Amino acid sequence: MGPALAIAIATVFGYLALAPAVVNGDGLGYLKAAVSGLPYPGHLLYLPMLRLLRLASGAGQRPIEGLWPARALSAVGAGVAVLALAAATRRLVKSERAPTIAAAGLAGSFGMIAAGSDVETYAPALAGLCVCLWAIACRRTGAGVGSLLVAALALAVATLFHVENVLFTLPVLLALGRRDGVIVAGAAGALVLASYLALSADASWVLGASHGFRYPVHWYTPAVAIYGACKALLFSPYPYEASWARVIGHFVPGALALGTLGWIALGRDPDRPTRAPLGRAATIGWAVPYALVGVAFFPSDSERWVFLLPLFWLTVAATRRRANLALAVAIGLGVLNVIVWLPRARDASWRDRAGEVARDLRAGDLVVSPGHGWDEYIGVYDGPAVGHFPLVFHVARLGSAAAVRPVLAEAIRDARRRGHGVFLVRFGADGDPMGWKELLPFGVTPGNAAELLPAGERVGVSGGAERLEAE
């Protein structure tokens, strides 16, 4: 376990060093919710943990002041996941190099890097899942009843951090057998239910999505899922973020890595007693449900596939004849991800653009914008604390553009009654698709978004923003 432990420690500090210059959009939402006290659907344990970390670190009232404690939680969660996967692999695979392959592969995969270096629920949830896997491996190799208790607690933690991990109940049942599996699943279910009853007065939002979007499944969705699965191994920009040459240049090495590792995992290896260290039934019970969720919900995102990475690398690590190749690919992915991701992570342009607009704003002013872009960072890092009305959130929440119009009008009236200004940001064709591409299915475009606004004169200010004057 020496190399695996070293990889786990390097994961924690390496991920903190790779942390993006600007927190991602989901992370910004979590940081704000940690201050406001609002619940977050499907992540019951995450917000209390962020609030506890804010308190322990002495963070102030601005949401961004809780950034580094939250990122530390992600990085430590990633390190625990790497170490637990290596420990599980050591018990399930009788090969000295297998734990190192599993640890290096998980740590070097972009899905894990993205989850562990920013404010996300995935890394602590994956830590719980991997600890559960380790406890299962302990039980299967002769450990006592205590391993079942650890498995139940870890499964509950994984589910409370991310509700998708309720799916892990099936591989638990299949890996442990009827009696032990029922004990773990029942105890974990009781812990989850008790947590909801204790921490949530209204559990109706638990399985919902906070953004209101539903991913449309098309005939080409499986191809999108392949792109997302490859991106979980090696970073690749979205087509709207870069030229097709760059997208393909990033995607092809990831696809080659996925193909090579798949060949290692599924290919014939006379020295390997089984292709499924966890057992064939448990492997299928883990892979299929999570893959179906990945295909059904935003399959191009690397995080959709992050809960399959431990199973993938466990299966790859079981090879013996091709162990050198597997380790080389794992290390190569880690190196390539640092090379291609670090320039992107260091890009502070969103923060800079938001700071330029914030110079003309006062505390309490209202910013109306499409959302999902740099506009949501106005007043976050620099400048006064302002109110935000991201159209993309409210249109999705209310279900139509027409339903948003009176809500927006009331928000503007309320801001003016309190003596604050109203500013429009990114209203018009600025070449940035963020927010607009999600609003398009609702019929909202840069050309007609102004129809949602009450009448008034638009006066240009710094950073391309406009002040909406009352008529």
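What you see is a predicted model; the values in this text were computed from it and never measured.
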Just so I know, are the side chains of [X] and [Y] near enough to count as touching, which here means a heavy-atom distance under 4.5 Å?
{"X": "Arg351", "Y": "Trp374", "result": "no"}
{"X": "Leu44", "Y": "Val163", "result": "no"}
{"X": "Leu468", "Y": "Val368", "result": "no"}
{"X": "Val172", "Y": "Ile136", "result": "yes"}
{"X": "Phe423", "Y": "Val357", "result": "no"}
{"X": "Val392", "Y": "Pro370", "result": "no"}
{"X": "Leu453", "Y": "Leu424", "result": "yes"}

Of all residues at least two apart in sequence or in a different chain, which pass the salt bridge (Lys or Arg N to Asp or Glu O under 4.0 Å) check with [X]?
{"X": "Arg344", "answer": "Glu241"}
{"X": "Arg418", "answer": "Asp414"}
{"X": "Glu356", "answer": "none"}
{"X": "Asp365", "answer": "none"}

With [X], which residues qualify under ring pair (Phe, Tyr, Trp, His ring centres under 6.0 Å), at least two apart?
{"X": "Phe389", "value": "His394"}
{"X": "His388", "value": "none"}
{"X": "Phe110", "value": "Phe235, Trp341"}

Do the two ring centres, one from Tyr122 and one from Phe307, sit under 6.0 Å apart?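 Yes, the ring centres sit under 6.0 Å apart.
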
Do the ring planes of Phe427 and Trp436 sit parallel (below 30°), tilted (30 to 60°) or perpendicular (above 60°)?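 Phe427 vs Trp436 ring planes: perpendicular.
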
Less than 4.0 Å between a side-chain N and a carboxylate O, is that true for Glu303 and Lys231?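 Judged by the 4.0 Å cut-off on N to carboxylate O distance, Lys231 and Glu303 do not form a salt bridge.
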
So which atom in [X] and which in [Y] form the shortest heavy-atom distance, rounded to 0.1 Å?
{"X": "Leu173", "Y": "Ala185", "result": "CD2-CB, 4.1 Å"}
{"X": "Ala78", "Y": "Tyr15", "result": "CB-CE2, 3.5 Å"}
{"X": "Tyr377", "Y": "Gly25", "result": "OH-N, 3.3 Å"}
{"X": "Ala127", "Y": "Gly77", "result": "CB-O, 3.3 Å"}
{"X": "Ala257", "Y": "Val329", "result": "CB-CG1, 4.3 Å"}
{"X": "Pro310", "Y": "Trp286", "result": "CB-CH2, 3.9 Å"}

For Glu457, all residues meeting side-chain contact (heavy atoms from CB on, under 4.5 Å), sequence neighbours excluded: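 Expected list: Val459, Glu469.
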
Ala225: side-chain contact (heavy atoms from CB on, under 4.5 Å) partners, not counting sequence neighbours: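 Once residues adjacent in sequence are excluded, the partners of Ala225 under the side-chain contact (heavy atoms from CB on, under 4.5 Å) criterion are Val295, Pro299, Trp305.
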
List the atom pairs, donor and acceptor, that lie under 3.5 Å between side-chain atoms in residues 380-387 and the rest of the protein, sequence neighbours left out.
from   : atom 1 : to    : atom 2 : distance (Å)
Tyr381 : OH     : Val23 : N      : 3.0

Report, as yes or no, whether the 6.0 Å neighbourhood of atom OH on Tyr238 holds more than 12 heavy atoms from other residues, nucleotides or ligands.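 Yes, OH of Tyr238 has more than 12 neighbouring heavy atoms, counting only those of other groups under 6.0 Å.
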
Scan residues 159-173 for pairs that pass side-chain hydrogen bond (donor to acceptor under 3.5 Å, both in side chains), counting only residues two or more places apart or in two chains.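 The answer is Asn165-Tyr290.
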
Considering only residues two or more places apart or on different chains, which pairs with a residue in residues 54-68 satisfy side-chain hydrogen bond (donor to acceptor under 3.5 Å, both in side chains)?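 Qualifying pairs: none.
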
